[in-house]
Structure formats: structure tokens, C-alpha cells
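Here's the structure we're looking at; comments come further down.
Each chain gets a letter, A, B and so on, in the order its sequence line appears, and its residues count up from 1.
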Amino acid sequence: MEARDDLIRARRDKLAKLVAAGVESYPYRFERTHRVADLLARFDELRQAGEQVTIAGRVAAKRVMGKASFAHVQDDSGRVQIYLRRDEINPPGVSDPETAPYSLFKTAIDLGDWIGVRGALMVTKTGERTLHVREWTLLAKCIRPLPVVKEEAETGRRYHEFSDPDERYRNRALDLVVNPDEREVFRIRARMISLMRRYLDEAGFLEVETPVLQPLYGGGSARPFTTHHNQLHKDLYLRIADELYLKRLIVGGLDRVYEISKDFRNEGVDRIHNPEFTMMECYAAFADYTFMLELVERIVSGIVGDIHGTREIRYGGGSLDFTPPWPRVRFFDALAEKTGRALIDADLSELRAVADEFGVEVPDNAGRGKLLDELFGELVEPGFDRPTFVIDYPIELSPLAKRHRHDPRLVERFEAIAGGCEIANAFSELNDPDDQRARFEEQQRLRGAGDEEAMPLDDDYLAALELGLPPTAGLGVGVDRLAMLLTNRSSIRDVILFPLLRDRDGEDER
RNA sequence: GAGGACGUAGCUCAGCCGGUAGAGCAGGGGCCUUUUAAGCCCAAGGUCGUGGGUUCGAGUCCCACCGUCCUCACCA
């Protein structure tokens, strides 16, 4: 007999005992008067008024001392101690241990059970604010054993924390029950997205929805997921970016649009990549990339300030200062500083020589764009601690970006980097259909040469461009990455509720 | 994809030079009417990730596989 089965059986037996005593096992609703946090906020006032209050939550700790018991009840907002005395809970004359409410609480309520309690407020002799229970109600029994995390009342120090990341990601419900910090991560994430919407709405952007299932994917360099529509006998792709559809909307005359949604890339999984992830993309007509640069600076520093009350936040071992203006550095200037060379006109063999010199490994079939990307990522990017804009990228890396107005070898593009991670990418959008066709054709050539991430040619998109795309600036923000910065997490899995995991072999699902 | 570390009770962890499995918490039985990581007494709980191998004997050594984490490579 497995120990877990014993624990589950014990809890089922207790449920049966409650039912036998006439307790409703799964009631339909429960009226509470306060959330725990509200109750604590108005504690003195409510206590002096002698008011009866009702809360609902999970039993998070239980300390039975014979004819009196203490416990903690935790709801979405916080936890509070409750106190029960036998002679106050049991009706006069009722003492049968199988049915008396106090003994049922003592013997049949477990850590993790959902209960409702009603009573007045009191302060114990050690000073803890406590709900003095008159009546308790079962709301739902927790039949599976829970990891027990003990918490010191004074210091909040936690013991035996449920911390195995594998278990936590595989069983997020349990993680959230037991780890209040993780609940907080997702509250911050939600507020971040809500603030992002507000800033965009206020700036006159219209929120839209574009297809997840696409006949042709595009807008980024990545391998897609494929799926199939049965009735139409048609293969479809899950989008890797929203870009090409959103720009069609600018063509259509919607001046400013944005979308916050999942993209899907059929690629590796690691600390900063999950195959489905959340992107915010926005596009503004009549603007160029400098508009987006200011928008990113304003929105991101605004969100940081709104959530943390300061623009300088702790991250990893250090801190990140989001106070504008963020430093700007030109792609080739940064590269020149590290390598001591101007590489803007460097050809393949020269770039390869530089890569060798600095010990940067590159694939044998790498083109110029790839080489520059490698060099930059290896030599320059790690040097950026604080939020920084890298601007004016080589044209080879950006098939959808508009050529730089002063230098045909560059595009008008920037990335925002913070905490060693790219958090935003933006450019002046390429709106010349003939130039765009040529860039697509170059992508086709790379594709033919074995680059699986090269973009497919999209005739339908080109036709839209031929209707006339006004000057337009576009921006993409990695929502998960931003959430990592705001919650001081080093793994994307900590900010995605249900990250993709490998199957666990040979173990039954819980 | 490569390298390294790890996987022992429901949870958090010990387990030495190979000798047959330990603790705390949770759970069970008692005692306890202001406790708070409540406390005290008693009893129970294990296919040591999976599969092979070496050995008289493997949680421990070797090999393979699965999973997680870290570093590196690639994409946001």
C-alpha cells in the first residue's frame, strides 16, 4: 500500500464522517462579508463594533489543543488566524464526538479544506488578530494531501517550502495554493498587461484580433507549428507573429492598432523560451521608429513605476533603472567598440576572420546577417545591464524593415535590451512593395540554401502593400520577458502559468 | 544539440570507504480551553526515477534511458 493512497483514504474517510453527521459535502454557495485583507484593514473598527464577520478560504494551518483550536484561513487576499472553543461551537447538550461541530472540526477538517467561518474579532494575548469562530461551514474537502509549508507568524519565514520546480510546474494548482509569492507573480503579470492596454488605449491605439490559424506564416524568423483543417483539406500554420495582418489593417485605414496575444514557435525550450508565448505588437501610421522608441520608453518605464512605485527595480543580484532616457547605441558603433573595427562594409571572409579572432563560433553556412548577429549577440549584448536601445541594424537581419534614410546598408530598427534579454523590437515598416518583394526573394534564396527560419514569400501581403501602406512604425514587446523583469524571475516558466514540459515517463499522472 | 549536477516517505532533506532505510513536518491513536514553525507520548508510513550490469551483498560502483536544474549553442 502506497503511503499517498493511505493519506487520500484517510481524507475520504473524514469526508464520509462529515456527511454521516449531516454536513453538506459540496454546498452550492456561500455568502461572505469580507475578504481577509479587507477584514484585517478594518480590524480595530470591526472588533470594537463587535460585528459578526464571515470569511471563506482554505485551512492553511491547524493547531488543536484539546477543547480549543487555532487555525489559519487563507483566501485570495491573505490569511488570518481563527480560534474555536468547544463550548462555544457545540450547541448546548451536544457532545457526541461523531456529530458535534467542534469535534468534527478537530477530527475531520484537514489542511487544504475550504471552509467558511463566522464570528467576532479578537486579539490573542500574544497580539495576533484573530477571528473568534461561532460557526463553521464545509465548502469543499481537500482529498489529496498537500505539502505543508509552515510559516513563522512574526517573521513570515517559511519552512519546508514546496520548491521542486518540476513538481511546481507540473502541478501549478498546488503551487499556487501553497506558495503565495507565485500567486503574486501572476497578479503582477495581469496588472502589467492591463496597464499596457491602458497606455496603448490612451495613445489612441485600437485593440484588434487577427488569425492564429494562418494559411501562410510570416512576420518573424522562426519555424512554425503546422496543423490541418479537415473540411477544407488545408494545412494551416499557427502564427509566429501578428505583424503582416496588423499592417494590412494600417493599409485599411485603421491608423493605430495593437494586439496582445499568443504566438507559437516550433523551437527549443529553455530559461527564456517557451513554444507558446505572449507578444504585444502595435503599429502606428505616419510615424517612424523614433516614435516607437519613445513609446517603449514611456510605456515600460511607466508600467515599472506604476507597479513598483519606483523606476529602479531589483533584478537578479543587482538592479535595473528604467528611468528615461535609456542609453542609445548604434549597432555598428557598439560592435566597433568591442572589436576595434568598422564592420559595416566587411565581407563574409572578413567577418569570419573577426569571429575567429574573438572566439565566436558560427555555423559554416552562415551568411553576412547571421555572422553580424552572432558577433553582436556574443560580444556586445552581454555588456548591457541597464535598459538600452540598440539602433540601426544591418539590412540583412530585417526583411520587413525600411531602409535607413541616410544609409542603404542599414534599416531603421531598434531593439530594447534589459536584464540581458531582448524585450522589444521595432522598426520603420518597409512600405515599398517592390523593395519588399526583393527582400522576400532574398529570403527565398536563404531558404533554398537551408535556412529553415527564412520567411516565405507572401503574395497576398504584397498585394496589400500595393494598395499603399502609409509611413508606419511597428513594435513588438515580449510580454513574458517583461513579466520576468517585473517579478524578478530568471525563468520564463515562472511567469507562464502552464509552461510546456516534457512528458514524464513511467509515472502515472496525478 | 553538448557538458555538468541532481532524482531517497505526501513535502523538505540526511544516508561516510558497498553490509540490507533515517529525521523533521504532514497523516493515524492518545493528552492538552489564548496557540502560532504549538507542545508531549505511542504506533505506522519506502519497488531509494526506470531498466540492465559488477558483487556473496548496491540507495551507494558501472552502463543505458526518462525527467528537472545550471552552463554553452539557436530562436523572442
- Starting from C1' on A38(B), measure out to CD on Glu152(A) and report it in whole angstrom. 12 Å
- Interatomic distance, Leu375(A) CG vs A73(B) P [rounded to whole Å]: 13 Å
- Item | Residue Phe162(A), side-chain heavy atoms: nucleotide from U12(B), U71(B), C32(B) that is nearest | U12(B)
- Query: With sequence neighbours excluded, what pairs up with Arg12(A) under the salt bridge (Lys or Arg N to Asp or Glu O under 4.0 Å) test?
  - Reply: none
- Evaluate whether atom OH of Tyr237(A) has more than 12 neighbouring non-hydrogen atoms of other residues, nucleotides or ligands under 6.0 angstrom away. no
- Which nucleotide in the list U34(B), A76(B), U12(B) gets nearest to the side chain of Asp164(A)? U12(B)
- Message: Checking one value: the base orientation of C16(B), syn if chi is within 90 degrees of 0, otherwise anti.
- Response: anti
- Task: Step by step, work out the side-chain hydrogen bond (donor to acceptor under 3.5 Å, both in side chains) result for Glu259(A) and Thr210(A).
- Result: CA-CA 8 Å; Glu259(A) 181 165 16; Thr210(A) 62; 2.5 Å; yes
- Query: Which part of the nucleic acid, if any, lies within contact of Glu422(A), taking any heavy atom under 4.0 Å across all strands shown: a base, the sugar-phosphate backbone alone, or nothing?
  - Reply: sugar-phosphate
- What nucleotide, of U34(B), C74(B), U68(B), holds the atom closest to the side chain of Glu374(A)? C74(B)
- Task: Give the rounded distance in Å between these two atoms: CD of Glu267(A) and P of A73(B).
- Result: 16 Å
Protein and nucleotides 26-29 of chain B: nitrogen or oxygen contacts under 3.5 angstrom:
unit_1, atom_1, unit_2, atom_2, d
A26(B), OP1, Lys150(A), NZ, 3.0
G27(B), O3', Lys14(A), NZ, 3.4
G28(B), OP1, Lys14(A), NZ, 2.4

- Message: Between C69(B) and Asp166(A), counting only base atoms on the nucleotide and side-chain atoms on the residue, is there a donor-acceptor pair under 3.5 Å?
- Response: no
- Task: Could you work out the separation of C40(B) and U35(B) based on their C1' atoms and round it to a whole Å?
- Result: 15 Å
- Side chain of Met65(A) - closest among C11(B), A76(B), U34(B): U34(B)
- Which nucleotide in the list U35(B), C25(B), U34(B) gets nearest to the side chain of Met122(A)? U34(B)
- Message: What I want to check is whether an N or O donor and acceptor connect the side chain of Ser163(A) with the base of U12(B) at under 3.5 Å.
- Response: no
- Task: Determine, for Phe43(A) and Arg129(A), whether the Lys NZ or Arg CZ falls below 6.0 Å from the six-membered ring centre while staying within 45 degrees of the axis.
- Result: yes
- Across the strands shown, which category fits Glu128(A) at heavy-atom distances under 4.0 angstrom: base, sugar-phosphate, nothing? base
- Query: Going by atom types alone, do Asp494(A) and Tyr169(A) pair a side-chain donor with an acceptor below 3.5 Å?
  - Reply: yes
- To the nearest angstrom, how far is Glu161(A) atom CD from A37(B) atom P? 16 Å
- Item | Near-ring test Tyr289(A)/Phe427(A), centroid separation under 6.0 angstrom | no
- In whole angstroms, the gap separating P of C66(B) from CZ of Arg170(A) amounts to 14 Å
- Task: Could you please name the option among U34(B), C74(B), A76(B) that lies closest to any side-chain atom of Asp270(A)?
- Result: C74(B)
- When you compare C62(B) with U54(B), how far apart are their C1' atoms, in angstrom units rounded to a whole number? 7 Å
- Using the C1' atom as the reference point in each nucleotide, state the distance between G15(B) and C74(B) in Å, no decimals. 41 Å
- Message: Would Phe70(A) count as stacking on A38(B) if stacking means ring centres less than 5.5 angstrom apart and planes tilted under 30 degrees?
- Response: no
- G7(B) versus C48(B) - spacing of their C1' atoms, nearest Å: 10 Å
- Task: Could you check how far CG of Leu501(A) sits from P of G49(B), rounded to whole Å?
- Result: 21 Å
- Query: If you measure from the C1' atom in A76(B) to the same atom in G3(B), how many Å do you get, rounded?
  - Reply: 26 Å
- Message: My understanding is that only residues two or more places apart in sequence, or in another chain, count here; which of them pass salt bridge (Lys or Arg N to Asp or Glu O under 4.0 Å) with Arg183(A)?
- Response: none
- Query: Relative to the 5' end of RNA chain B, which residue comes earlier, His72(A) or Asp373(A), by the nucleotide with the nearest heavy atom?
  - Reply: His72(A)
- Please report, rounded to the nearest Å, how far the C1' atom of A76(B) is from the CD1 atom of Ile240(A). 11 Å
- Query: Any side-chain N or O of Arg4(A) less than 4.0 Å from the OP1 or OP2 oxygen of G10(B)?
  - Reply: no
- Message: Measuring only the P atom in each nucleotide, how far is G29(B) from C11(B)? A whole number of Å is fine.
- Response: 22 Å
- Task: Choose from U12(B), A37(B), C69(B) the nucleotide whose nearest atom is closest to any side-chain atom of Tyr169(A).
- Result: C69(B)
- Message: Is it the case that over 12 heavy atoms from other parts of the model lie below 6.0 angstrom from the NZ atom of Lys338(A)?
- Response: no
- Message: Side chains of His72(A) and Glu151(A) only: does a donor on one sit below 3.5 Å from an acceptor on the other?
- Response: no
- N/O (side chain, Arg493(A)) to phosphate O (OP1/OP2, C69(B)) under 4.0 Å: yes
- Query: Taking atom P of C69(B) as reference, at what distance in whole Å does atom CD1 of Ile272(A) sit?
  - Reply: 14 Å
